[in-house]
A.B. asks: 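I'd like to ask some things about the structure below.
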Number of protein chains: 2
Amino acid sequence: MSERAIHRQTGVPARKRDGNGAARPNDADEIDLDALVGHAGYAVRRFQIWIFQDFVKTLSEVDIRPTQYSAMTVIGANPGLTQMAVAKRLGIERARLVHLLDSLESRRLVKRIKSKADRRSHALHLTAQGTTALAKFKRLAAEHERHVEAKIGKENREHLLRILACFT
Amino acid sequence: MSERAIHRQTGVPARKRDGNGAARPNDADEIDLDALVGHAGYAVRRFQIWIFQDFVKTLSEVDIRPTQYSAMTVIGANPGLTQMAVAKRLGIERARLVHLLDSLESRRLVKRIKSKADRRSHALHLTAQGTTALAKFKRLAAEHERHVEAKIGKENREHLLRILACFT
DNA sequence: TATTGTTATACTCTATAACTATA
DNA sequence: TATAGTTATAGAGTATAACAATA
């Protein structure tokens, strides 16, 4: 056996020459991220992917994704909002919100009511079923939040929320 | 003029009844985010969108997006990496990386070299032109990073990097 | 004229599955 | 049989533009 480091899982040499004159550190923990380590955006993107996947997994039994959850939460707390208001508040394209509400409405979680004051717009409400469901979604989302806490630490999570409060 | 609060920009009444019995706080700063304020994922998502857009805008003159930048940076610092190694290290699907490299290769920024050691794989390198270009991309990315610093503060940015270091 | 909701299009990104050529 | 790269597909998300109904 060579004196060269062997990858723990694959048993493949961690580094070798390929005949093109370049070292090939194809073992993930040896690859230099270079400038990326100083970019907040890179860390945030990786974190966001982790959070997204944990959220989807934790709420998989109710089949609710983050954007659906955020829309229902805002509608639940502010019954009667128009689609424009929800879209602006959450930073979602109004065209995108149409499909999102279509899916929630077809599941009888949300309803659109024609506004009498401005007949162009809809007043958004949770259905009775939607209200019950949202309570469960919130319990599962709180469980997801505990996963975040376990991953980065209680104080770090709270600090993060304070740092990013200006974006909400 | 009514005594009711008027929206600063639109001059539209901030709150009104729509005849469906529900208050409609359709003014963005009056809408209650409810449980969302306690979710790290919501804040992170909003932050990530802001960062993404600022990055794309700051690097628009060179037409480079965050994922392209991260791939070129890693290839530049680790010449000879295989596609699999880059994909795993950056958390990109290997199928997605194919198209990403196609576009970089067609712009003569990156080249694939058939590996002699394992003829299934490619060794990735920057071209001379790619090396020069990456230096400019890095200068612009540093400028973007200063925008982040200006937005959340120097210390908060550094703290954020430390908190999220475990995801890079 | 401007706005709300809608439809449509295009492009990015994520997530798979399957194919090929190699190992 | 397993892996690297590729191709293809589907769904989510982003970014536009245009249209009908209404203001």
A.B. asks: Run the salt bridge (charged side-chain N to carboxylate O under 4.0 Å, His left out) check on A/Arg112 and A/Asp102 step by step: do they pass?
C.D. replies: CA-CA 10 Å; A/Arg112 292 164 161 115; A/Asp102 285 350; 3.0 Å; yes

A.B. asks: Would you tabulate the pairs of protein nitrogen or oxygen atoms and nucleotide nitrogen or oxygen atoms of nucleotides 14-17 of chain C closer than 3.5 angstrom?
C.D. replies:
residue : atom : partner : partner atom : Å
C/dA15  : OP1  : A/Gln53 : NE2          : 3.0
C/dA15  : OP2  : A/Gln53 : NE2          : 3.3

A.B. asks: Can you tell me which residue among A/Arg45, A/His39, A/Arg46 is in a side chain to side chain donor-acceptor pair (under 3.5 Å) with A/Tyr42?
C.D. replies: A/Arg46

A.B. asks: So B/Thr131 and B/Thr127, side-chain contact (heavy atoms from CB on, under 4.5 Å) or not? Walk me through it.
C.D. replies: CA-CA 6 Å; B/Thr131 304; B/Thr127 61; over 6 Å; no

A.B. asks: Under the criterion salt bridge (charged side-chain N to carboxylate O under 4.0 Å, His left out), I'd like the reasoning laid out for B/Asp54 against B/Lys151: C-alpha separation, chi angles, the key distance, then a yes or no.
C.D. replies: CA-CA 11 Å; B/Asp54 184 84; B/Lys151 182 74 177 176; over 6 Å; no

A.B. asks: Tell me which pairs pass ring-ring contact (aromatic ring centres under 6.0 Å, His included) where either residue lies in residues 144-168 of chain B, with sequence neighbours left out.
C.D. replies: A/Phe47-B/Phe167, A/Trp50-B/Phe167, A/His159-B/His159, B/Phe55-B/His144

A.B. asks: Between A/Leu101 (CG) and C/dT7 (P), how many Å, whole number?
C.D. replies: 12 Å

A.B. asks: Counting only side-chain nitrogens and oxygens, does A/Gln83 get under 4.0 Å of the OP1 or OP2 atom of C/dT6?
C.D. replies: yes

A.B. asks: Students should find this one: the first and last nucleotides of DNA chain D, 5' to 3', lying under 4.0 Å from a heavy atom of chain A. What are they?
C.D. replies: D/dA12 to D/dA23

A.B. asks: Tell me, with the steps shown, if B/Lys114 and B/Arg119 meet side-chain contact (heavy atoms from CB on, under 4.5 Å).
C.D. replies: CA-CA 6 Å; B/Lys114 284 264 178 198; B/Arg119 288 165 55 219; 5.9 Å; no

A.B. asks: Would you kindly give the CG-to-C1' distance between B/Asp118 and C/dA21, to the nearest whole Å?
C.D. replies: 10 Å

A.B. asks: Taking the side chain as every heavy atom from C-beta outward, state whether A/Lys88 and B/Ile31 have any pair of such atoms under 4.5 Å apart.
C.D. replies: no

A.B. asks: Could you state the CZ-C1' distance from B/Phe55 to C/dT12, rounded to the nearest angstrom?
C.D. replies: 15 Å

A.B. asks: If you pin B/Arg112 and A/Phe52 to their nearest nucleotides in DNA chain D, which one's is more 5'?
C.D. replies: B/Arg112

A.B. asks: With side-chain contact (heavy atoms from CB on, under 4.5 Å) as the criterion, how do A/Val74 and B/Leu33 come out once you've worked through the C-alpha distance, each side chain's angles and the decisive distance to 0.1 Å?
C.D. replies: CA-CA 6 Å; A/Val74 163; B/Leu33 280 182; 3.9 Å; yes

A.B. asks: Nearest whole angstrom, please: distance from the P of C/dG5 to the NZ of A/Lys111.
C.D. replies: 17 Å

A.B. asks: So, are A/Glu61 and A/Lys136 salt-bridged, with charged N and O less than 4.0 Å apart?
C.D. replies: yes

A.B. asks: Side-chain N or O of B/Arg119 less than 4.0 angstrom from OP1 or OP2 on C/dT22?
C.D. replies: yes

A.B. asks: Taking the nucleotide of DNA chain D with the closest heavy atom to each, which residue, B/Met84 or A/Arg120, is nearer the 5' end?
C.D. replies: B/Met84

